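What follows is a short report on a single structure.
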Amino acid sequence: MSKILITGADRGLGRALSEQFLQNGHIVYAGQYMPEWKELDSLKSHYPDRLFLVPLNIGDLSSIEKAYGQVSEETDSLDILIHNAGMIGTDSRIRESVSQTDCGNVYRVNALGPLQVTQTFLPLLSREGGEQKVAFISSEAGSIALAHRRSQYAYGMSKAALNMEVRILHNTLQNMGYEFYLYHPGWMRTYMKGDKATVGDMEPEESAESAYAFFTGEAPTYLEMVDVYQRAWAF
Amino acid sequence: MKEEIAVLYDLREEQRAQIKEELEQRQITVYEKSPETVEECKELPYIDFLILGDDGMTDTDGKITPGKTDGAALTDRNESLRAAAYYDRHVINAMSVITMLLPWMDRGRRKRICSLTNVRASNNLCYSTDRYGERMARAARNMMMHMLQNELAEEGYTFRIFCDNGTGKNAGSYFMRDRSIDSCPSHMDENRLVMRDNQGREIPW
Ligand SMILES: NC(=O)c1ccc[n+]([C@@H]2O[C@H](COP(=O)([O-])OP(=O)(O)OC[C@H]3O[C@@H](n4cnc5c(N)ncnc54)[C@H](OP(=O)(O)O)[C@@H]3O)[C@@H](O)[C@H]2O)c1
């Protein structure tokens, strides 16, 4: 039985991942950003002993530290840290003037949030005998080589930066036994644009199944971004 | 032929003279601007080349202290504050300058946007354990350049990314040179954005 912390677990892929790990018998600390959204509560009623709700805004250092305080009171170790929380920002193009505020906010959540959460939670992950896995939900939108978008600058730039961050973390921590998983979940029908998307290639549950297999499967020997169909993406 | 105008924005001290010289050898009129003076570009009739530098991103300039080495950055709470500062300067500022000057570039003949960076922008060639903020911002700026190309190439814009070794050598000549054989569209190379160093080598993203 592994212990997993998942950020942005209220809905979409984060909720689906939480359920996937719970169904497989693990203990989940679910980062809760939207207490008004009740899906995690209903999951909690099914798994009262193995699901712990942890208020967590990854864009706010004091919230991250509070969350660390709560989790470290419940447990002295974590096996897997899954950085899932993310936001997409606006769609605008350069001629419509891309909002600087939007770019800053999206960067602080999608790129700097995972750095601060990793920094904070490392002590719980470093226990001897633990799995020492750190997983990041990135996106094809962060692949510079394959970039095809003409809008969503804030999002693409933040995910390219996230990929670089994971590279440096990997360089730093791999020798100490840590394993890094960089995952593009595919085009899912989630809530990234506010309401539940009606278009997309799959439901988040399908992607969560593939992510579960990736994160709990054979350790990757080198860093690559793997998608929901197990394909590797160029940086 | 109409005079060609280049704006050098936010270049590092040690690159400036070299790049300016390479441009002036090609009869380009050069205006150097900093974040404080860039608004003055609005007085120009048009702009052919906009060259975005990477001042404030290195060890020596003392503006933002880079992260500590050997993983120490991981325990240093200020790393993410520095990372935010790097991003604001290298990416957000550059983007707002592009947005502001696009109408002037639309009136220019060459319509070329160039970015100065260094190999620390390459994810594939990164073996280091330091400088999170700097490297992340450089990667983000490369993505910005790629997305600009996706958006503006069809309007005749072209793009260059140059990995400098700190001297600016060959940057100006790389920025000016056309990569496509214009009379032979099947060899058009402008649709593929690459990052090159001062030996002309392609650096992976
Ligand atoms: N959907 C896709 O097709 C797709 C494709 C590629 C990658 N991804 C990535 O997949 C991950 C999960 O996204 P999703 O598709 O499941 O979207 P989602 O349904 O919007 O779920 C993301 C969750 O993260 C939350 N969140 C936003 N900012 C946060 C913060 N500062 N702290 C903590 N939580 C925060 C969101 O809350 P709010 O709803 O209030 O913002 C939401 O509950 C993201 O990293 C996303 O970039 C998604």
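Below, chain A is the first sequence line, B the second, and so on; all start at residue 1. Predicted, not measured: the structure shown is a model, and the values here were computed from it.
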(request) For A:R167 and B:N123, test the side chains for any donor-to-acceptor distance below 3.5 angstrom and give the result as yes or no. (result) yes

Check whether [X] gets within reach of chain B through its side chain, its backbone, both or neither, counting any heavy atom under 4.5 Å.
X      : value
A:A141 : backbone
A:E224 : neither
A:S158 : neither
A:L61  : side chain

[X] versus [Y], closest heavy-atom pair with distance:
X      : Y      : value
B:A83  : A:L112 : CB-CD2, 3.5 Å
A:M164 : B:R120 : CE-O, 3.5 Å
B:A140 : A:A161 : CB-CB, 4.4 Å
A:A147 : B:N150 : O-ND2, 3.3 Å
A:Q116 : B:S80  : NE2-OG, 2.8 Å

Pick from [options] with the largest number of heavy-atom pairs that fall under 4.5 Å of chain A:
options                : result
B:L102, B:N93, B:I98   : B:L102
B:Q149, B:M100, B:H146 : B:H146
B:R135, B:M144, B:M136 : B:M136

Using non-hydrogen atoms only, which part of [X] is less than 4.5 Å away from chain A: side chain, backbone, both, or neither?
X      : value
B:N142 : both
B:V194 : neither
B:L148 : both

Once rounded to the nearest 0.5 Å, what's the spacing between atom [atom1] of [X] and atom [atom2] of [Y]?
X      : Y      : atom1 : atom2 : result
B:E151 : A:R149 : CD    : CZ    : 13.5 Å
A:Y153 : B:M95  : OH    : CE    : 6.0 Å
A:N163 : B:M143 : CG    : CE    : 8.0 Å
A:I168 : B:R131 : CD1   : CZ    : 10.5 Å

(request) Could you check if a side-chain atom of B:D88 sits within less than 4.5 angstrom of a side-chain atom of A:Y107, using non-hydrogen atoms only? (result) no

(request) Determine, stepwise, if the pair A:H148 / B:M147 fulfils side-chain contact (heavy atoms from CB on, under 4.5 Å). (result) CA-CA 7 Å; A:H148 59 89; B:M147 293 181 73; over 6 Å; no

(message) Can you confirm whether more than 12 heavy atoms, excluding those of A:E218, are under 6.0 Å from its CD atom?
(response) no

(message) A:C103 vs B:Y87, test: side-chain contact (heavy atoms from CB on, under 4.5 Å). Steps then yes/no.
(response) CA-CA 10 Å; A:C103 286; B:Y87 182 75; 3.9 Å; yes

(message) Counting only non-hydrogen atoms closer than 4.5 Å, can you tell me which residues of residues 90-100 of chain A sit against chain B?
(response) A:R93, A:I94, A:R95, A:S97, A:V98, A:Q100

(request) Look at the side chain of A:N171 and the backbone N and O of B:C126, then say whether any donor-acceptor pair between them is shorter than 3.5 Å. (result) yes

